[in-house]
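Below you'll find the structure, written out as structure tokens, and then a few comments.
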Amino acid sequence: MNLSTLNSSQKNAVTETEGPVLVVAGAGSGKTMVLTYRIAYLISKGVNPSNILALTFTNKAADEMKERIRHLIGAQAEKLSMGTFHSIFARMLRFESASLNYSSSYSIYDTDDSLSLIKRIMNELDISDNFLNPRFVQSRISKAKNKLIRPEAYENNFFGIHENKIKAIYEVYQQRLASSNAMDFDDLLIKPIELIEKDAKILQKYQKRFQYILVDEYQDTNHAQYKMLKLLSGGTNNICVVGDDAQSIYKWRGADIRNILDFTRDYSEARIIRLEQNYRSTRSILSVADSVIKRNLNQIEKNLWTENEEGNKVSVYECLDDKDEANYICKTITVKMMSKEFNINDFAILYRTNAQSRSFEEALIKSTIPYVVVAGTEFYRRKEIKDVIAYLRLLINPDDDESFLRVVNFPSRGIGQVSLDSLMKISIDNHCSLFKSTGILNESSVLSERAKKNFMSFHDLITKYAQLTERLNINELTRSLIDETGILKMYKEEGSEDSLNRYENILQLLNGIQDFTISNQGKSLVDFLNDIALISEIDKWEDKSNAVALMTLHSAKGLEFKNVFIVGCEDGLLPLSRDSNVDDLEEERRLFYVGCTRAKKNLHLSFARNRNRFGSLYPQTRSRFLDEIDERFVQFENTGVSYSYAHRRNTYSVKRTAQQKQKSVMPNYEDFSQEEKILTIGSKVSHDVFGEGTIRQMSGFGDNLKAVVEFDSGVRKHLMLKFAKLKVL
DNA sequence: GCAATTTACTTTTTT
DNA sequence: AGTAAATTGC
């Protein structure tokens, strides 16, 4: 193996193979290369690839690393255990399921399934969701699980009465998951720990199997993951973790930054190797990123440096609103593309929230610039897709109550809420799943004959196809099931734009299933469902695709682009505000840092003076992060509409009526109409078709000026003033 | 029991 | 603004 291309720290990180090692790897310091070489190096020293466990943050990262290792050492790479914590341990659980009283075809509940279960339990326990927000309950339960706190140990005094209720919900929640033969995402991490702690033989088996453990993105592991690593590495202590505390951005998901800060305490003989030379970005970009991140108090001391050229200054662009921001970016991309210096996939637009993608999509379409939105509304979370998947899940795990409830009356079989409530009662009384309950309806006197018949025919349908899973491949099975249930036909016949969309999505799913069947001959329906439960949108994204990439700052972790736009740099959006405490602000700052350090050549930051949120315009203040930047590396730009105007931040002229001044909470807008009489909120207007009415809301600028008009007939209309020729009365 | 209408809620980020 | 949930009317 040729290690001569590595610098001395990198070389150490590759060759120090025995004992615990912490690699503190700054952004762009060649972390992936080090991990890749380290694995190849281990194998070249005679370590059996099947004794190596490498845990990554995304499946995509695992696949890419495996591919690189294959280049270095050949087909042996296939024997590596490589993947995300969730996918590796989900597989382990399938194998060991019997010891946990689960079947190997258990279902994986995603966040939506889990939330719906929590809502159902709250309903049963008569806990109003006004009293307790189900999402809050979900997050409390998840956090407890991440900390390995079981329901019986759940502290019920912290938030008083609420915590009591949450504890009660948590208890039923775990029971219900077990009786449904289902695991949520947290269980995939917790159950392996239970398994290993319960049975020393199993622990020894896996300790022997995984003699060398490598963990990427260690700063984003949670307590359960930490515990699992501690147990697994207990035999040899050969554990190498790689991470950067400055890039820890998943605290909200239970990630515990102490895992990396305290690594040397937990593994006393650990060596620390620092990778501080950045090979990715220009000096300007790095200086900007560094000047911001150094405001954080909680961090490991380090000094990231580069030999790269200073490069262009980082641009900060002040725009009027979201549209202006989107247009500016399209224009910039177009100009840069004309220079022939870049490919279209050298550009990425990064934002804090998925909802921000819309204005860019519109502008990119208009400018005929190809783009891909990574994530957004995830394909597998769409209703119609989840419905089809629910059928498949039921076939291999009929006890999956969430799937049962999704499809028992879809398409409509004449089963309503009343019948369902009765069935749920039967299932609770008999401590069995809903599906099993449909098998014992003869004894029930509560249900009508009609309802019984409907439930039983559903029971028969599932039983029939469950048997067919033996004989048909996944593709044939799904197609025939969809045909018999008439789902596709239903959407096609309805003919609305919405249902046509759903129709096409299902076709797309069918194509995906066909591909899977062809390229994974040996794999079963269980494998397929497992795959799609644990795949993320970023996993599916092809960086080779010829398009501008749009994604959240979170999704961008681990990626790099020659040109990066970080948009919406406004207080409240980036940093995103809720009840802001210092920890949250530091995490937002790290997120901003992650974004900046994705850029190799050019970094463009932008903020808007006004932004559409929840449908109306709000004045914005530029992000405090922009003020933290070292000005020597920055170039400020603006719309050029009117510079002095631009400087009167949030105080520019808004034509307000006396009425409006009283209610100053109304969003600001600029009235560009040249009419003598001014259209404002409260103005009486007349419309050729709808008659007379009153303006209730306004938003937009210039040609995009929009009004919500309540007409005297009672109709409320959203009108674009450019088209709707309103007369002021 | 179902479709149509109204209301509420969302925008944090994801395995 | 756009979707999901809830409510109402048939």
Side-chain angles (χ1 to χ4, degrees), chain A residues 55-62 83-90 108-112 114-116 119 129-130 133-135 139 142 145-146 183-189 217 220-222 224-225 248-255 322 350-359 374-378 380-383 409 411-420 448 450-451 454 494 498 530 532-539 551-557 568 572-578 580 584 587-588 590-592 594-595 611-618 697 699-700 706 708 716 718:
Chain A
L55 296 159
T56 58
F57 200 71
T58 61
N59 295 298
K60 183 173 141 72
T84 62
F85 275 89
H86 289 86
S87 67
I88 294 278
F89 293 125
I108 297 173
Y109 277 9
D110 67 15
T111 328
D112 296 337
S114 142
L115 184 66
S116 128
K119 282 182 183 163
D129 50 9
N130 291 327
N133 183 342
R135 279 170 200 280
S139 107
S142 176
K145 292 175 87 165
N146 283 168
M183 307 228 189
D184 65 13
F185 287 136
D186 301 321
D187 285 330
L188 296 178
L189 304 175
E217 309 282 8
D220 280 322
T221 51
N222 63 31
Q225 290 165 324
S248 164
I249 53 175
Y250 283 92
K251 182 174 151 251
W252 54 275
R253 201 170 87 183
D322 347 42
L350 310 181
Y351 35 75
R352 178 67 239 261
T353 64
N354 278 308
Q356 286 166 258
S357 72
R358 177 159 286 132
S359 53
V374 182
T377 33
E378 288 175 55
Y380 289 106
R381 286 178 79 169
R382 290 169 186 276
K383 182 202 173 295
N409 196 38
S412 181
R413 294 184 178 85
I415 295 169
Q417 200 53 53
V418 181
S419 313
L420 260 181
S448 67
R450 196 168 73 103
N454 289 337
E494 203 196 305
D498 182 63
N530 198 43
I532 62 171
L534 297 177
I535 203 165
S536 71
E537 288 290 310
I538 195 83
D539 294 332
M551 67 183 86
T552 62
L553 288 158
H554 282 88
S555 300
K557 182 160 99 157
L573 191 58
L574 181 60
L576 192 73
S577 70
R578 40 200 211 287
S580 47
D584 290 340
E587 176 140 322
E588 294 290 316
R590 290 193 294 267
L591 193 54
F592 184 74
V594 166
R611 184 167 294 276
N612 255 310
R613 289 183 88 182
F614 302 108
S616 25
L617 260 196
Y618 294 93
Q697 260 180 56
S699 63
K706 280 178 246 174
V708 178
R716 245 177 126 84
H718 292 248

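Throughout, protein chains are lettered first and strands after them, A, B, ... in sequence-line order, and every chain is numbered starting at 1. Quantities reported herein were computed from a predicted structural model and do not represent experimental measurements.
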Between dT15(B) atom P and His86(A) atom NE2, what is the distance in whole Å?
9 Å
Ile249(A) atom CD1 is separated from dT13(B) atom P, nearest whole Å, by 12 Å
For the backbone of Phe57(A) and the side chain of Glu217(A), can you confirm whether one donor and one acceptor N or O come within less than 3.5 Å of each other?
no
Base, sugar-phosphate, or nothing for Ser555(A), non-hydrogen atoms under 4.0 angstrom?
sugar-phosphate
With the side chain defined as heavy atoms from C-beta on, Thr111(A) is closest, among dT14(B), dT12(B), dT15(B), to dT15(B)
Could you verify whether a donor N or O on one side chain and an acceptor N or O on the other, from Ser87(A) and Thr84(A), lie under 3.5 Å apart?
yes
Does the side chain of Asn612(A) get closer than 4.0 angstrom to OP1 or OP2 of dA1(C) through an N or O atom?
no
Short side-chain to backbone donor-acceptor contact, His86(A) and Leu534(A), under 3.5 Å:
no
N/O to N/O distances under 3.5 Å, protein versus nucleotides 2-10 of chain C:
none

Would you give the length of the straight line joining atom CZ of Arg352(A) to atom CG of Leu574(A), rounded to the nearest 0.5 angstrom?
7.5 Å
Please give, in whole Å, the distance from dT13(B) P to Lys251(A) NZ?
17 Å
Table of protein N/O atoms under 3.5 Å from nucleotides 1-11 of chain B N/O atoms:
unit_1: dG1(B); atom_1: OP1; unit_2: Gly416(A); atom_2: N; d: 3.4
unit_1: dG1(B); atom_1: OP1; unit_2: Ser419(A); atom_2: OG; d: 3.3
unit_1: dC2(B); atom_1: OP1; unit_2: Ser412(A); atom_2: OG; d: 2.7
unit_1: dC2(B); atom_1: OP1; unit_2: Gly414(A); atom_2: N; d: 3.4

To the nearest Å, give me how far apart CD (Gln225(A)) and P (dT15(B)) are.
12 Å
Rounded to whole Å, how long is the line connecting atom CZ of Arg611(A) with atom C1' of dA1(C)?
15 Å
What is the distance, rounded to the nearest whole Å, between atom CZ of Arg352(A) and atom C1' of dT13(B)?
5 Å
For the pair made of CG in Asp322(A) and C1' in dA1(C), what is the distance, rounded to whole Å?
12 Å
Dump the intermediate steps for side chain to side chain contact (heavy atoms under 4.5 Å, CB included) on Phe85(A) and Thr56(A), then the final yes or no.
CA-CA 7 Å; Phe85(A) 275 89; Thr56(A) 58; over 6 Å; no
Restricting to side chain to side chain contact (heavy atoms under 4.5 Å, CB included), what partner residues turn up for Asn146(A), sequence neighbours left out?
Ser142(A), Asp186(A), Asn222(A)
Would you say the side-chain atoms of Asp220(A) pair up with the backbone N or O of Tyr250(A), donor to acceptor, closer than 3.5 Å?
yes
Would you say Asn409(A)'s side chain and Ser412(A)'s backbone share a donor-acceptor pair under 3.5 angstrom?
no
Look at the side chain of Asp184(A) and the backbone N and O of Ser114(A), then say whether any donor-acceptor pair between them is shorter than 3.5 Å.
no
Ring stacking, Tyr250(A) with base of dT14(B), under 5.5 Å and under 30°?
no
So, OP1 or OP2 of dT15(B): does either fall under 4.0 Å of a side-chain N or O from Asn146(A)?
no
Separation of Leu115(A) atom CG from dT14(B) atom C1', in whole Å?
15 Å
